[in-house]
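Below is one structure, written out as structure tokens; comments come after it.
Keep in mind that this is a model prediction, so the values were computed, not measured. Residue numbers run from 1 in the order of the sequence given.
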Amino acid sequence: MAIRRITTHKIQQMKRRGEPIPMVTAYDYTAARIVDASGIPMILVGDSMGHVVLGHDSTIPVTVDDIVSASAAVVRGATKPLIVADMPFLSYQIDAETALRNAARLIQEGGAQAVKLEGGKTVAPIVRRLADAGLAVMGHIGLTPQHVNQLGGYRVQGKTESTANKVLEDALALQEAGAFAIVLELIPVELAKKITETLDIPTIGIGAGVHCDGQVQVFHDMLGLDPDFRPRHSGKYADLAPIIEDALQRYGDDVREGTFPTDAQSFFSDESRVRESSTTNE
Ligand code: KIV
């Protein structure tokens, strides 16, 4: 029997049942398979790939083509989670028709089940247009990394009463426009709690505290794949960079010393040599 993918309805039902919703990013087939096996119900093919995969210093250079090909790989690797594809910078802000065309590519070519876009009240008409066309849309407010050049850095948002009210109004506008869930990035715990209690749709926090309905983290951050960068909010679930570096160093040493490959890792015209060597050489 085919395994059915998690739906947006299931994600919304999780909020109603008070069941926390874990989410993580993935950008490739292999990582997606691992996320799938972990039981995490939702994957974000984030434009954070600009940082952690492509080595840019922001998400601005990421293109629709980048997200389409990453989404297609993730969809091939993860059969159960709901896959949300990020809409890159300027792929939705120009006008609603451009947004619809680009969102359609993420769904039709990328195979994602939903798209995510950044912004509040100002993008609500675009969310409405996409939702009316039958797309599942996730909002993203608080710190919106595509606005980094306006914001002047990656800082906590909504710390004053007036900016907090604005973030809450943005959340309500997105819900009203038909978003199925909203990412709350880098906002104070108290504000995230208030938004989560006010909205009917799930909030998915990143650096927004424990009261959100769910949490999202960047795969590379939480697994310690960059030895020089681990944001405070990501948690420290593994420290993989030194483990991988050590394995690669040992491999390099073995190649230089001629101890790799052994006969057991090689192929012979007479394969009985492998059987002999694997009993004597391991
Ligand atoms: O691109 C991304 O990974 C994101 C998360 C930070 C929410 O938008």
- Message: Let's go through Val183 and Met138 carefully: what are the C-alpha distance in whole Å and the side-chain angles of both, what is the deciding distance for side-chain contact (heavy atoms from CB on, under 4.5 Å) to 0.1 Å, and is it a yes or a no?
- Response: CA-CA 7 Å; Val183 167; Met138 178 178 268; 3.8 Å; yes
- Using the side-chain contact (heavy atoms from CB on, under 4.5 Å) rule, take Lys194 and His211 through it: C-alpha gap first, then chi angles, then the decisive distance, then the call. CA-CA 9 Å; Lys194 185 168 179 190; His211 303 293; over 6 Å; no
Between [Y] and [X], is there a side-chain heavy-atom distance shorter than 4.5 Å?
| X | Y | result |
| --- | --- | --- |
| Val137 | Ile126 | no |
| Ile40 | Pro81 | no |
| Pro145 | Glu118 | yes |
| Pro20 | Gln215 | no |
| Asp213 | Ile11 | no |
| Arg5 | Leu82 | no |
| Asp263 | Phe268 | yes |
| Ile187 | Ile195 | yes |

Assigning hydrophobic clusters by single linkage (Ile, Leu, Val, Met, Phe, Trp, Tyr; side-chain heavy-atom cutoff under 4.5 Å), is [X] placed with [Y]?
| X | Y | result |
| --- | --- | --- |
| Val115 | Ile182 | yes |
| Val52 | Ile243 | yes |
| Ile83 | Met14 | no |
| Val84 | Val45 | no |
| Ile6 | Val35 | no |

Tell me the side chain to side chain donor-acceptor pair (under 3.5 Å) pairs involving [range], sequence neighbours left out?
| range | value |
| --- | --- |
| residues 35-50 | Tyr27-Ser48, Asp36-Thr79, Asp36-Lys80, Asp47-Gln146 |
| residues 63-74 | Thr63-Asp66, Asp65-Arg105 |
| residues 216-225 | Gln217-His233 |
| residues 171-187 | His140-Glu185 |

- Item | Atom NE2 of His9 with >12 non-hydrogen neighbours under 6.0 angstrom |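 At most 12 heavy atoms, drawn from other residues, nucleotides or ligands, come within 6.0 Å of this atom.
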- Report, as yes or no, whether the 6.0 Å neighbourhood of atom CD on Glu161 holds more than 12 heavy atoms from other residues, nucleotides or ligands.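 It does not: Glu161 CD has 12 such atoms or fewer within range.
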Kindly say whether [Y] contributes a backbone atom to a donor-acceptor pair with the side chain of [X] at under 3.5 angstrom?
| X | Y | answer |
| --- | --- | --- |
| Asp226 | Asp228 | yes |
| Gln113 | Gly111 | yes |
| Lys15 | Ile21 | no |

Where do [X] and [Y] come nearest, in terms of heavy atoms and distance?
| X | Y | value |
| --- | --- | --- |
| Leu174 | Gly120 | CD2-O, 3.9 Å |
| Ala177 | Ala124 | CB-O, 3.3 Å |
| Val156 | Pro188 | CG1-CD, 4.0 Å |
| Val64 | Pro88 | N-CG, 3.6 Å |
| Gly158 | Ala164 | O-CB, 3.6 Å |
| Lys159 | Thr163 | N-OG1, 3.4 Å |

Hey, could you give me the [atom1]/[atom2] distance between [X] and [Y], rounded to the nearest 0.5 Å?
| X | Y | atom1 | atom2 | result |
| --- | --- | --- | --- | --- |
| Glu257 | Arg250 | CD | CZ | 12.0 Å |
| Glu169 | Lys166 | CD | NZ | 8.0 Å |
| Leu184 | Leu191 | CG | CG | 7.5 Å |
| Met49 | Leu54 | CE | CG | 4.5 Å |
| Asn102 | Leu90 | CG | CG | 10.5 Å |
| Leu248 | Asp253 | CG | CG | 11.0 Å |

By the salt bridge (Lys or Arg N to Asp or Glu O under 4.0 Å) test, which pairs, at least two apart or in different chains, include something from [range]?
| range | result |
| --- | --- |
| residues 196-208 | Lys193-Glu197 |
| residues 235-245 | Arg230-Asp239 |
| residues 51-61 | none |

- Query: Under the 4.5 Å side-chain heavy-atom rule for ILVMFWY, direct or indirect, which residues accompany Phe260?
  - Reply: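 Its cluster mates, by chain and number, are Tyr251, Val255.
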- Message: For a side-chain contact (heavy atoms from CB on, under 4.5 Å) check, start with the C-alpha distance between Leu100 and Leu135, then their side-chain angles and the critical distance, and finish with the verdict.
- Response: CA-CA 9 Å; Leu100 188 53; Leu135 279 94; 3.8 Å; yes
- Task: For Asp132, check side chain to side chain donor-acceptor pair (under 3.5 Å) against everything at least two apart and list the hits.
- Result: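 Testing Asp132 for side chain to side chain donor-acceptor pair (under 3.5 Å), a comparison that skips the adjacent residues, returns Arg128.
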- Considering residues at least two apart in sequence or located in another chain, which fulfil the side chain to side chain donor-acceptor pair (under 3.5 Å) criterion with Asn165?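 None.
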- In sequence, state the C-alpha distance, the side-chain angles, and the governing distance for Leu172 and Leu199, and then conclude on side-chain contact (heavy atoms from CB on, under 4.5 Å). CA-CA 7 Å; Leu172 286 164; Leu199 295 187; 3.9 Å; yes
- Sequence neighbours left out, what pairs pass ring pair (Phe, Tyr, Trp, His ring centres under 6.0 Å) with at least one residue falling in residues 170-202?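 Applying ring pair (Phe, Tyr, Trp, His ring centres under 6.0 Å) to every pair that reaches into residues 170-202, excluding sequence neighbours, yields nothing.
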- Residue pairs involving residues 48-105 (criterion ring pair (Phe, Tyr, Trp, His ring centres under 6.0 Å); sequence neighbours excluded):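 Qualifying pairs, neighbours excluded: none.
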